[in-house]
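The next block holds one structure in the form of structure tokens; read it before the comments.
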Amino acid sequence: MTNAPETPTAATDDKPRDFIREIIADDLASGRHDEIVTRFPPEPNGYLHIGHGKSMCLNFGAAVEFHGRCHLRFDDTNPAKEEQEFINAIKADVRWLGFDWGEHLYFASDNFEQLYTWAEHLIIEAKAYVDDLSANEMREYRGTLTEPGKDSPHRNRGVHENLDLFQRMRAGEFEDGARVLRAKIDMASGNINLRDPVLYRIVRAPHPRTGDAWCIYPTYDYAHGQSDAIEGVTHSLCTLEFEDHRPLYDWLMENLPTPSRPRQYEFSRLNLSYTVLSKRRLTQLVKDGHVSGWDDPRMPTLAGLRRRGLPAAALRDFASRIGVTKSDSVVEMALLDHCVRDNLNKSALRRMAVLDPLKVVIENYPDGESEELEAINNPENDADGTRMVPFGRELWIERADFMEDPPKKFFRLAPGREVRLRYAYYVTCTDVIKDPSGKVMELRCTYDPATKGGDSPDGRKVKATLHWVSAAHAVAAEVRFYKNLFTAETPGAESGDILDDINPDSLDILDNCQLEPTLGKTAVGDTVQFERQGYFATDPDSTPDRPVFNRTIGLRDTWAKVQKKGG
RNA sequence: UGGGGCGUAGCCAAGUGGCCUAAGGCACCGGUUUUUGGUACCGGCAUUCGGAGGUUCGAAUCCUCCCGCCCCAGCCA
């Protein structure tokens, strides 16, 4: 009962599926590159989310399709925020999504020495200088979006002074924030990234990999492109907000003796309705306790989606369906839901589970006896075979499957009505037992022994088939239901604060669910279908005598739609 | 008022001057099948491509102007 990740497959036709793959195909065709190299470059300052999943599907997917390779590189240039725990979690998530970096695991920090040498090269070429301005002063000197900046008073220091100062920065002679190394480009540029961007800053924080070997760290702009070049990356794919950084990426390439010449291309990041996809906000939800952790099943993190029971293959399918473009978009959650149902419908084993139990006594079934009935494991896949489920005189059925006074379109059980118990018998409701308040406590039924297995020899039809569980054999369990974490399509759109849109009712727990016996021994991570209800995944909180399930997603429910329409 | 992008159905997205009176998927609406009110299957769903002009025999695709939305002023990535 596992959902094994499948190997990503190449596009079936030879037309590139998106503009990035088109560029890659052209570069291969023109001979610009013989082999393409991409990279997935997370910063280890949090867990990966489904947006990173999209990026991985692009980077690893394109590499596989074009017979190149994709590196996993940690962009670990800011020790103030990064942790080993995140490095470990990210690796696990990449593997889970089905991607393999082989031997190509890298860290920007592997390049710190080379990066430092190149920084000295820039200084010697008079293309970088040490600045003493404070962060506030630097902001003032930078100008605004519409006004040019002005040169720092230290902009024209001599090469020797710059070199000396930079060496002393490395040696730890200055306090955090006292000085920075800046590229000398153009303080009047319309592109603010070109107004002498910072290349190095002083930060005294233990680095997960280099410990306290360094007290100066390269910035993203300086480290990222050069790391690409060192690794031989050909196509450096990132999201739209880095478009403005490309001129700086190119400037550094042109002014440094890098061993290769990668190019950066940008695509739009994923936005999903009813959730947030930014590490800053997800970190906030975790730290402020709005969720139980990074792997809370309501979180759009890969860890959360995995715990919720989403198969990795469904996520990959989702990524291929949304495509890769440069237009800002918000993908409806319904599309993800569809991918999950589509995958699970084909792969998930069927089981019977009563979530809101109502007792049924089959009055003409012999007391104390039971029998085993054969049930199909997955009608979508004969190879999954069958199993035996116990049946007896006392059963549980779903409370919602009975109505004492049913409306016209309600086909399920009602007084005097005959329905089928799946894989078992036709039963007819003969009596309703209520408590003093009028609440239905128990149903009395009779069964037709001739309908064993669920077919009637005389050909009479019933309009409904119910799932059920033998009370004497049932396993009690807890089942957790999740709704969207936010009530607004775009959280925070109105007030500016996502917490104003948080759904106070995103978790529902049913603690008296009655499951068929096989469900007492599933493994964590298994996602099964509870017939007629949805897909459910075993949660790590399960204990040997009390399983806990997460509802991954419900089945499409047209009956609910009909009910809604009827008011 | 600076720089960089983006605008094709409710959502995502093909389309690269004629085969576009515009693919495909999701959603939605009908119907068929059904021992899951699930699945599967069939049908419907943009005379129109942000708007206005222009070029052309011919424009979603080329040009001009306009409008709207997104990103950038971290010693974050």
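Below, chains carry the letters A, B, ... as their sequence lines are ordered, and counting in each starts from 1. As a basis for the values below, the full set of heavy atoms in this structure was taken, side chains included, without hydrogen atoms, waters or symmetry mates. None of the values given here were measured: they were computed from a predicted structure.
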- Query: Counting any heavy atom closer than 4.0 Å, what does A:H245 reach on the DNA or RNA strands: base, sugar-phosphate only, or nothing?
  - Reply: base
Detail all sub-3.5 Å separations between protein N/O atoms and N/O atoms belonging to nucleotides 60-62 of chain B.
none

- What residues, two or more places apart in sequence or in another chain, satisfy side chain to side chain donor-acceptor pair (under 3.5 Å) together with A:E531? A:R422
- Message: On the nucleotide B:C26, are OP1 or OP2 found under 4.0 Å from the side-chain N or O atoms that A:H338 carries?
- Response: yes
- Spacing of the P atoms in B:A23 and B:A40 (rounded, Å): 23 Å
- Query: A:K184: what forms a side chain to side chain donor-acceptor pair (under 3.5 Å) with it, not counting sequence neighbours?
  - Reply: A:N156
- Task: Could you tell me whether A:F242 contacts a base, only the sugar-phosphate backbone, or nothing, with contacts defined as non-hydrogen atoms closer than 4.0 Å?
- Result: base
- Message: I want to check one thing: is the phosphate of B:C29, taken as OP1 and OP2, less than 4.0 Å away from some side-chain N or O of A:K561?
- Response: yes
- Query: B:U21 pairs with which nucleotide, Watson-Crick or G-U wobble, both distances below 3.5 Å?
  - Reply: none
- Task: In whole angstrom, give me the gap between the P atoms of B:G7 and B:A14.
- Result: 9 Å
- Query: Between A:R532 and B:U39, is there a side-chain N or O to OP1/OP2 distance below 4.0 Å?
  - Reply: no
- Message: What contact category does A:D455 fall into here, base, sugar-phosphate, or nothing, at under 4.0 angstrom with non-hydrogen atoms?
- Response: base
- Message: Testing the basics here: between A:L310 and A:L315, what is the closest heavy-atom pair and its distance to 0.1 Å?
- Response: CD1-CD1, 3.9 Å
- Task: Just call it for A:R420: base, sugar-phosphate, or nothing, with non-hydrogen atoms closer than 4.0 Å on any strand.
- Result: base
- Can you sort out the partners of A:H338 under ring-ring contact (aromatic ring centres under 6.0 Å, His included), two or more places apart, ordered by chain and number? none
- Note on the structure: For A:F242, the ring-ring contact (aromatic ring centres under 6.0 Å, His included) test, sequence neighbours excluded, returns A:Y220, A:H245
Identify the pairs formed between an N or O of the protein and an N or O of nucleotides 41-45 of chain B at a distance under 3.5 Å, and give each distance.
none

- Could you give all pairs that pass the side-chain hydrogen bond (donor to acceptor under 3.5 Å, both in side chains) test and reach residues 269-281 of chain A, with sequence neighbours left out? A:N45-A:K279, A:E241-A:R269
- Item | P-based separation of B:C63 from B:C6 [nearest Å] | 14 Å
- Task: Determine the Euclidean distance between corresponding P atoms of B:G31 and B:U21; express it in Å to zero decimal places.
- Result: 33 Å
- Task: Please state the P separation for the pair B:G38 and B:C26 - nearest whole angstrom.
- Result: 16 Å
- Look at the side chain of A:E241 against the base of B:G5 and say whether a donor-acceptor pair falls under 3.5 Å; ignore hydrogens and angles. no
- Message: Once you apply a heavy-atom cut-off of 4.0 Å, does A:Y426 come out as touching a base, just sugar-phosphate, or nothing?
- Response: nothing
- Message: Can you tell me how far apart CZ (A:F40) and CG (A:L237) are? Round to the nearest 0.5 Å.
- Response: 12.0 Å
- Would you please indicate if the ring centroids of A:F391 and A:Y425 are separated by under 6.0 Å? yes
- Query: Which base, if any, makes a Watson-Crick or G-U wobble pair with B:C41, both distances under 3.5 Å?
  - Reply: B:G31
- Note on the structure: In B/S/- notation (B base, S sugar-phosphate only, - none; protein heavy atoms under 4.0 Å), nucleotides 12-20 of chain B written 5' to 3' is SSS-B----
- Item | Gap in Å between the two P atoms, one belonging to B:A27 and one to B:C42, rounded | 16 Å
- Task: Pull up the glycosidic torsion of B:G43 and say syn or anti, syn being anything within 90° of 0.
- Result: anti
- Nearest-angstrom distance, P atom, B:A60 to B:A52: 13 Å
- Message: Please confirm whether the shortest side-chain N or O distance from A:R142 to OP1 or OP2 of B:G74 is below 4.0 Å.
- Response: yes
- B:G68 pairs with which nucleotide, Watson-Crick or G-U wobble, both distances below 3.5 Å? B:C6
- Which one of A:E372, A:E374, A:E516 satisfies the salt bridge (charged side-chain N to carboxylate O under 4.0 Å, His left out) criterion with A:R387? A:E516
- Message: At 4.0 Å (heavy atoms only), tell me whether A:Y200 reaches a base, stays on the sugar-phosphate, or touches nothing.
- Response: nothing
- For A:L133, answer base if it contacts any base atom (sugar-phosphate contacts may also be present), sugar-phosphate if it contacts only those atoms, and nothing otherwise; contact means non-hydrogen atoms under 4.0 Å. base
- Message: If you assign A:R246 and A:Y535 each to the RNA chain B nucleotide with the nearest heavy atom, which residue ends up on the more 5' nucleotide?
- Response: A:R246
- Message: Any base atoms under 4.0 Å from A:E531, or only sugar-phosphate, or nothing? Heavy atoms, all strands.
- Response: base
- Task: Using Watson-Crick or G-U wobble geometry with both distances below 3.5 Å, tell me the partner of B:C62, or none.
- Result: B:G54
- Query: Are A:H207 and A:F112 close enough that their ring centres sit under 6.0 Å apart?
  - Reply: yes
- Message: Listing request: all salt bridge (Lys or Arg N to Asp or Glu O under 4.0 Å) pairs with a residue in residues 167-178 of chain A, at least two apart in sequence or in separate chains.
- Response: A:E113-A:R170, A:D164-A:R168, A:R168-A:E173, A:D176-A:R204
- Query: Which is true for A:N78 with a 4.0 Å heavy-atom rule: it touches a base, it touches only sugar-phosphate, or it touches nothing?
  - Reply: sugar-phosphate
- Pairwise C1' distance, B:G51 and B:U8 [rounded to whole Å]: 14 Å
- Query: Heavy atoms under 4.0 Å, any strand shown: does A:E43 hit a base, just sugar-phosphate, or nothing?
  - Reply: sugar-phosphate
- Any A:R412 side-chain N or O less than 4.0 Å from OP1/OP2 of B:G37: no
- Carboxylate-amine/guanidinium proximity below 4.0 Å for A:R460 and A:D448: yes
- Should we count CG of A:D458 as having more than 12 external heavy atoms under 6.0 Å? yes
- Query: Closer to the 5' end of RNA chain B via nearest nucleotide, is it A:D75 or A:G454?
  - Reply: A:G454
- Note on the structure: Tightest non-hydrogen contact, residues A:L194 and A:I185, listed as O-CB, 3.3 Å
- Within less than 4.0 Å of OP1 or OP2 of B:U39, is there a side-chain N or O belonging to A:R341? no
- A:Y220 over B:A77, stacked by centroid distance under 5.5 Å, angle under 30°: no
- Taking the six-membered ring of A:F530, is the NZ or CZ of A:R351 close enough (under 6.0 Å from the centre) and on axis enough (within 45°)? no
- Message: Holding to ring-ring contact (aromatic ring centres under 6.0 Å, His included), I want the full list of residues that pass it with A:W396, two or more places apart in sequence or in another chain.
- Response: none
- Query: How would you list all residue pairs meeting ring-ring contact (aromatic ring centres under 6.0 Å, His included) that involve residues 168-200 of chain A, not counting sequence neighbours?
  - Reply: A:F166-A:Y200, A:Y200-A:Y222
- Starting from the C-alpha separation in whole Å, work towards a yes-or-no answer on side-chain hydrogen bond (donor to acceptor under 3.5 Å, both in side chains) for A:E418 and A:Y426. CA-CA 6 Å; A:E418 184 173 54; A:Y426 283 16; over 6 Å; no
- Base B:G37 to side chain A:D557, donor-acceptor N/O within 3.5 Å cut-off: no
- Message: Taking donor-acceptor contacts at under 3.5 Å, does the side chain of A:R350 reach the base of B:U36?
- Response: yes
- Item | Distance-only donor-acceptor test, A:Q529 side-chain atoms vs B:U36 base atoms, 3.5 Å | yes
- Proximity to RNA chain B (any heavy atom under 4.0 Å), residues of residues 174-192 of chain A only: A:G177, A:V180, A:G190, A:N191, A:I192
- Message: Using a heavy-atom cut-off of 4.0 Å across all strands, would you classify A:P42 as base, sugar-phosphate, or nothing?
- Response: nothing
